[in-house]
Amino acid sequence: VLFSDNKVSSYINENFEPAWQSVRAVPTINIDFGNGEKVTRTLHGNIVTYVCSPSGIVIDSLPGLYQPAVYVEQLERFHKVASKMGDPIDKDGFTNYHLHAKVAKPLSMVAARSKASTDMPDLKSPEEVANWKQLIEETIYGETVRRKQVHAMLANHGLVRPDELTKEMYREVLHCDLDDPYLGLGQALFANYPFKDDDSTRQ
Amino acid sequence: MKALRKVGAPLLATVIFAQLPTYSQNNSNQYRRAVRPSIETNAYRSFGKGMVERPLESRLGAPVSSTWKRPVSSLSSSARPTYVSRASNRVEAPVAIKPSIETSAYKIFSKRAIEHPLETRLSAPATSTSYGTPAARTTRLATRKCKPGDVNWHNNFETACQASVLSGKPVLLFQMMGNLDDKFC
């Protein structure tokens with residue numbers, strides 16, 4: 001839905017060289033009701049957006065879901081930072097940027113939160129999704145909490161490529177350990193399950 | 001009068017008991033029909049034993065099916081069953097035949113393949129009015145692809161970096177679980 005938004009897609013096409021990458025298969029949950037009825041749903045869908053220099057060095061990152069308007073605002077800011085840093089990137093300037101970066105609640109989101117209805121919308125149009133209260137809350141959380149963690153992580157790592165950050169980003173910022181086959185749900189699934197030793201589906 | 005009573009009581013008892021079904025009659029088909037009317041109504045008639053077993057028999061092939069229904073007396077001594085139902089005189093579990101079914105054909109045709117026709121028949125009326133067909137829902141995640149938005153994506157990160165060197169635009173890398181061109185990701 002995010003990349004179907006005309007403002008988002010046209011801005012990216014004009015100002016970036018975009019690529020997408022799958023870090024692993026999306027986990028699904030299947031319920032077989034035993035009468036021929038089967039339901040399948042996705043469990044996780046956490047995403048990360050990186051802006052990188054032409055040599056593939058991460059300049060900044062947006063972890064998690066974002067409301068389209070704020071997503072574009074942040075990409076505009078990243079584009080300016082990337083232009084200013086150039087390529088190759090000066091390591092001290094890069095570290096200085098992330099150490100002194102400030103995070104704040106996007107004012108447009110604070111206003112939108114107060115207006116957003118608590119009712120579940122139909123989510124049939126991109127506008128309804130963009131103004132969905134949960135997405136607004138997610139955006140505010142990303143901008144205030146996750147972005148702080150990203151700045152700290154990048155200041156600590158220095159000049160790295162995205163694949164060197166992926167696992168840590170998912171584990172520390174999105175709380176989703178890619179090395180864990182159960183993505184952190186193992187405790188909840190098996191701790192009190194009496195037949196866990198007989199479960200032949202476990203690796 | 002006393003003599004009449006002595007003769008009359010057993011006579012009356014004989015008449016009453018003659019009206020009741022005997023034990024042998026209780027074992028007859030008439031008794032079964034009287035006891036099991038609810039089972040032999042709509043659902044049982046529509047999805048009878050024949051309809052459930054037919055797919056299995058057809059998959060296993062005619063020779064096996066005919067062997068199972070062959071009278072006991074016609075079987076060779078090695079194929080004789082350990083137990084024969086007295087009611088129908090049909091083979092229930094011929095020891096010599098069972099292993100071959102459980103090893104070859106049973107493994108090839110799984111439980112789901114055999115039961116699927118019945119499940120489909122039973123679930124058909126309910127699903128036609130509500131959430132689409134079970135097959136469509138089951139295959140939805142696996143098969144439905146979609147356009148990954150209106151963004152002109154490069155094939156991979158390296159290609160995007162090479163394009164970035166030429167264009168001077170920064171690279172945008174979108175990482176995710178699943179695939180962006182899957183309908184549900």
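Basis for what follows: all heavy atoms, side chains included, without hydrogens, waters or symmetry-related copies. So you know, we letter chains A, B, ... as the sequences are listed, proteins then strands, and number each from 1.
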### Query
Hey, what do you get for CG (B:N152) to CD (A:E17), rounding to the nearest 0.5 Å?
9.5 Å

## Note on the structure
CG of B:N155 to CH2 of A:W20, rounded to nearest 0.5 Å, is 10.0 Å

### Query
Checking heavy atoms, do the side chain of B:Q162, its backbone, both or neither come under 4.5 Å from chain A?
neither

### Query
So which heavy atom on A:N15 is nearest to which on B:K169, and how close?
O-CB, 3.6 Å

### Query
If every non-hydrogen atom of B:A160 is compared with every non-hydrogen atom of A:P18, which pair is closest and at what distance?
CB-O, 4.3 Å

## Note on the structure
Under 4.5 Å to a heavy atom of chain B? For A:Y170 that would be side chain

## Note on the structure
Most contact-rich option vs chain B, by heavy-atom pairs under 4.5 angstrom, among A:G56, A:A82, A:S83, is A:G56

### Task
Identify which part of B:N156 has an atom lying under 4.5 Å from any heavy atom of chain A, answering side chain, backbone, both or neither.
backbone

### Message
For A:A25, which atoms come within 4.5 Å of any heavy atom of chain B: side chain, backbone, both, or neither?
### Response
backbone

### Message
Per the salt bridge (Lys or Arg N to Asp or Glu O under 4.0 Å) rule, what does the pair list look like for residues 75-91 of chain A, sequence neighbours excluded?
### Response
none

### Minimum heavy-atom distance A:V51-B:P170, with the two atoms named
CG1-CB, 4.1 Å

### chain B contact via A:L75 - which portion, at a heavy-atom distance below 4.5 Å
side chain

### Task
Heavy-atom distances under 4.5 Å only: say whether A:N13 touches chain B with side chain, backbone, both or neither.
both

### Residue part contacting chain B, namely of A:L178, when any heavy atom lies under 4.5 Å
side chain

### Summary
Heavy atoms of B:V151 and A:F3 approach each other most closely as CG2-CD2, 3.7 Å

### Task
Give, as side chain, backbone, both or neither, the part of A:S53 having an atom under 4.5 angstrom from any heavy atom of chain B.
backbone

### Task
Taking A:S22 for its side chain and B:N179 for its backbone only, find out whether a donor-acceptor pair lies under 3.5 Å.
no

### Task
Measure from the ring center of B:F174 to the ring center of A:Y50 and say whether it is less than 6.0 Å.
no

### Task
Carefully, step by step, assess A:L183 and B:M177 under the rule side-chain contact (heavy atoms from CB on, under 4.5 Å).
CA-CA 12 Å; A:L183 296 172; B:M177 291 186 186; 4.3 Å; yes

### Message
If I measure from the heavy atoms of chain B, does A:T166 come under 4.5 Å with its side chain, its backbone, both, or neither?
### Response
both

### Task
Please assess B:F157 against A:C52 for the test side-chain contact (heavy atoms from CB on, under 4.5 Å), listing each intermediate value before the final yes or no.
CA-CA 10 Å; B:F157 182 61; A:C52 305; 4.0 Å; yes

### A:I12 side, atom CD1; B:L172 side, atom CG - distance, nearest 0.5 Å
5.0 Å

## Note on the structure
One should read off an interatomic distance between B:Q175 CD and A:N46 CG, to the nearest 0.5 angstrom, of 12.0 Å

